[in-house]
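The structure displayed is predicted, hence computed values, not measured ones. Order of the sequence lines sets the chain letters (A, B, ...), proteins ahead of strands, with each chain counted from 1.
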There are 2 protein chains.
Amino acid sequence: MNIRHLTFRLLQVYVAVVRSGSISEAARQLHLTQPTVSLQLKRLADTLGEPLLESRHGRQVPTEAGGELYRASREVLGRFADFDDYLAALRGGERGRFSIALVNTAQYVLPRLLGPYSQAFPEVDVTVHIGNRRQMLTRFERQEDDLYVFSHPPSLAHALAGRFLRNPLVAVAPRGHRLAGRERIDMAELLGERFLLREPGSATRMLFESWLQEQGLSLGPTLQMASNEAIRVGVAAGMGLAVLSEHVLPPEHSDIAILTVAGLPIESHWQFIVRRDRRLSHAALGFLRFAEGHLGDCVEPRFLSNELDDLLRRLDAAPVPPLRGSDP
Amino acid sequence: MNIRHLTFRLLQVYVAVVRSGSISEAARQLHLTQPTVSLQLKRLADTLGEPLLESRHGRQVPTEAGGELYRASREVLGRFADFDDYLAALRGGERGRFSIALVNTAQYVLPRLLGPYSQAFPEVDVTVHIGNRRQMLTRFERQEDDLYVFSHPPSLAHALAGRFLRNPLVAVAPRGHRLAGRERIDMAELLGERFLLREPGSATRMLFESWLQEQGLSLGPTLQMASNEAIRVGVAAGMGLAVLSEHVLPPEHSDIAILTVAGLPIESHWQFIVRRDRRLSHAALGFLRFAEGHLGDCVEPRFLSNELDDLLRRLDAAPVPPLRGSDP
DNA sequence: ATGCAGTATAGATAATCATCTATATCATGG
DNA sequence: CCATGATATAGATGATTATCTATACTGCAT
């Protein structure tokens with residue numbers, strides 16, 4: 001038996017004949033002419049090198065070999081029908097996997113979205129990578145992930161972006177700070193104090209520093225800590241002041257005060273970034289659609305800024321990369 | 001996904017690529033050129049409508065859909081490899097089925113052959129049909145069986161025959177019969193006695209009657225019984241005489257005497273008959289081969305008359321009917 | 001940067017396939 | 001025995017496939 005000439009179509013035809021017990025009837029069912037089916041059967045029997053059917057009392061009945069072929073065919077066709085279902089689920093975004101890379105600060109909010117999403121799509125494997133802005137940029141350049149969350153995206157030459165959440169940076173001080181509660185503090189009044197800063201490469205630090213530069217200000221003494229949490233706790237403990245994303249503060253933050261500094265909060269937005277040169281996994285697309293529809297249910301209204309519909313529209317329009325996929 | 005254009009060959013190629021992680025390497029293994037394999041992959045991805053491979057660090061790695069396709073392909077190819085094994089077993093006669101139709105009298109010997117055979121080929125299903133000559137002729141004409149055992153075959157226009165066993169018909173009488181033990185009895189001396197005969201349509205009866213006709217004799221009173229066993233018991237009980245196949249008599253038959261009538265035993269041979277217009281099942285062929293080789297171990301030497309080698313040779317030479325098989 | 005190994009694309013060709021119509025053969029049930 | 005429905009065969013055709021050689025692109029290692 002030469003498997004090379006074996007076609008799934010051939011098996012389908014054969015199964016139809018065995019089922020109906022008649023070549024002509026199978027031809028009708030398959031919308032083919034009777035000679036076509038006859039010939040297909042002959043080819044099939046030729047490639048297998050065994051007779052498959054006998055006509056008994058006018059009905060086509062499988063021989064010994066034919067019976068086994070029928071069983072094999074049904075299994076095999078069934079397996080590929082399953083595979084087809086799998087593909088459909090994959091395409092519908094109900095199944096599959098995607099990876100998303102978050103800038104550190106975003107990890108305080110994104111779970112609010114990812115939680116309900118993976119509740120709704122339990123068959124999708126999500127991998128979340130977290131790091132500071134610089135690390136995310138590296139991942140982005142190496143095309144390691146399906147989705148990225150940045151506040152300020154890198155060059156959008158090969159990517160599309162869609163804002164979805166406001167990310168205000170506020171100045172914080174320990175609860176009992178002398179300026180806590182005062183209106184319209186001037187930033188210059190704070191420069192003498194020690195500031196707790198994230199590491200270079202952090203988006204929060206980058207935004208803060210460029211804002212300072214715009215104002216023509218520069219900081220006094222600083223202390224560097226590579227984690228928002230550590231900084232928050234540090235501020236509460238009186239180590240100094242800081243500028244942090246409002247998302248970092250717990251809803252009730254009795255040990256920390258937000259200072260109403262003129263010019264603050266620094267407004268920025270988180271956005272989903274999608275590379276245009278990498279085929280977006282169906283699951284990732286499904287997640288974006290989910291985010292577009294359910295963002296309002298997952299985050300506080302004051303942070304809402306959902307421009308994902310626009311992103312999705314542009315993704316639909318984007319030229320699809322070739323089917324074999326490209327290098328990540 | 002359009003299953004119509006899916007080929008087993010295509011899956012083989014795909015599996016080779018996934019296994020080796022390289023298109024060029026797969027091409028080498030398959031004795032194809034690299035562009036051929038590239039193109040096959042493209043076609044495969046096109047018919048499935050999903051990218052299947054991504055090149056990661058220079059290796060071809062399946063995507064989500066590709067991984068599932070790989071699993072499906074392996075299962076499916078494995079299933080057909082099994083089917084191929086099955087076919088091989090079928091062709092080797094190690095497996096399958098055949099039916100054999102025996103003239104009544106032959107049922108006393110054939111089990112000696114069928115027993116060891118089905119011991120040796122436990123995977124073969126054998127169906128044995130038993131009846132008198134007339135019934136066997138009907139089955140033969142309707143092509144209902146793979147093999148037939150006759151003493152005198154019907155027309156051999158569409159069949160081949162091979163003798164394998166002597167079938168002497170002897171005259172039997174109850175133990176104490178007046179002629180028991182006498183040498184050279186003349187048949188005429190017995191005609192006054194009642195003869196127990198099989199039914200018309202029986203081969204034994206036919207042979208006996210045509211022998212009588214040759215001798216210019218005719219029987220006196222008769223009694224008809226449709227079974228060799230019944231006749232044998234009847235003779236032992238003194239109901240009359242009979243002419244029976246020697247095979248019908250048990251090895252020790254103290255209650256019955258064989259009369260040494262001049263011109264008896266009537267010599268005949270059982271033969272296997274194979275229709276030439278019906279494709280012989282591999283299993284049946286295997287049985288004939290087994291019989292040819294093991295007949296000597298299974299029956300008493302004095303009955304041996306093995307001409308099956310000749311039959312087998314002629315079977316090999318016979319033109320093979322078309323693959324789809326013909327009507328039984 | 002340079003070259004190599006791997007991959008993709010283009011263009012060509014012979015083979016095979018799927019499919020048709022038309023016709024012959026066969027089997028079966030009145 | 002014949003009419004009818006089922007199957008096989010023949011011949012034709014356009015589409016698809018398998019496969020090649022030649023060449024272009026691409027990314028990694030030197």
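Atom pair B:D46:CG and D:dT17:P shows a separation of 10 Å (rounding to whole Å applied). In this structure, CG of A:L32 is placed 16 Å from C1' of D:dT7, rounded to the nearest angstrom. The interatomic distance linking A:Q60 (CD) with C:dT28 (P) rounds to 12 Å, in whole Å. Atom-to-atom, CD1 of B:I23 to C1' of D:dT26 comes out at 13 Å; the value is rounded to the nearest Å. Note: CG (A:L10) to P (C:dT16) measures 15 Å, nearest angstrom. Whole-Å rounding puts the A:L41 CG to C:dT19 C1' distance at 15 Å. Between the CD atom of B:E54 and the C1' atom of C:dT7 there is a distance of 15 Å, given to the nearest Å. Going from atom CG of A:L53 over to atom P of C:dC26 covers 19 Å, rounded to whole Å.
Put simply, A:T7 has no side-chain N or O that comes within less than 4.0 Å of OP1 or OP2 on C:dC17. For the OP1/OP2 pair of D:dT17 and a distance below 4.0 Å, the side-chain nitrogens and oxygens of B:R43 include at least one atom meeting the criterion. For B:T36, a side-chain nitrogen or oxygen approaches OP1 or OP2 of D:dC20 to under 4.0 Å. Side-chain nitrogen and oxygen atoms of B:S22 include at least one within less than 4.0 Å of the OP1 or OP2 phosphate oxygen of C:dT7.
When each of D:dA10, D:dC20, C:dG6 is scored by its nearest atom to the side-chain atoms of A:P35, the top-ranked nucleotide is D:dA10. Side-chain proximity of B:S38 to the nucleotides C:dT9, D:dT9, D:dT17 is greatest for C:dT9. Of the candidates C:dC17, D:dA6, D:dC20, D:dA6 carries the atom nearest the A:S24 side chain, counting heavy atoms from C-beta on. Of the candidates C:dG6, D:dT7, C:dC17, the closest approach to any side-chain atom of B:R28 belongs to C:dG6. Picking from C:dT21, D:dT17, C:dT9 the nucleotide with the shortest atom distance to the side chain of B:K42 gives C:dT9.
Among A:R79, A:R97, A:R95, the one residue that satisfies the salt bridge (charged side-chain N to carboxylate O under 4.0 Å, His left out) test with B:E68 is A:R79. With A:L41 as reference, A:I23 is the one residue of A:L52, A:I23, A:D46, A:T36 to meet the side chain to side chain contact (heavy atoms under 4.5 Å, CB included) rule.
Along DNA chain D, the nucleotide closest to B:H31 and the one closest to A:Q34 are compared, and the more 5′ of them pairs with A:Q34.
Remark: the backbone N or O of A:A284 is paired with a side-chain donor or acceptor of A:S281 at under 3.5 angstrom. Put simply, the side chain of B:Q271 gets close to the backbone of B:S151: a donor and an acceptor are under 3.5 Å apart.
Listed by chain and number, the residues in a side chain to side chain donor-acceptor pair (under 3.5 Å) with A:S73 amount to none (sequence neighbours excluded).
At the heavy-atom level, A:Q40 lies under 4.0 Å from the strands shown only through sugar-phosphate atoms. In this structure, B:L39 reaches the bases: a heavy-atom distance under 4.0 Å links it to at least one base atom across the strands shown. Across all strands shown, B:R59 has no heavy atoms under 4.0 Å from either base or sugar-phosphate atoms.
A salt bridge links B:R314 with B:D310; the closest basic N to acidic carboxylate O contact falls under 4.0 Å.
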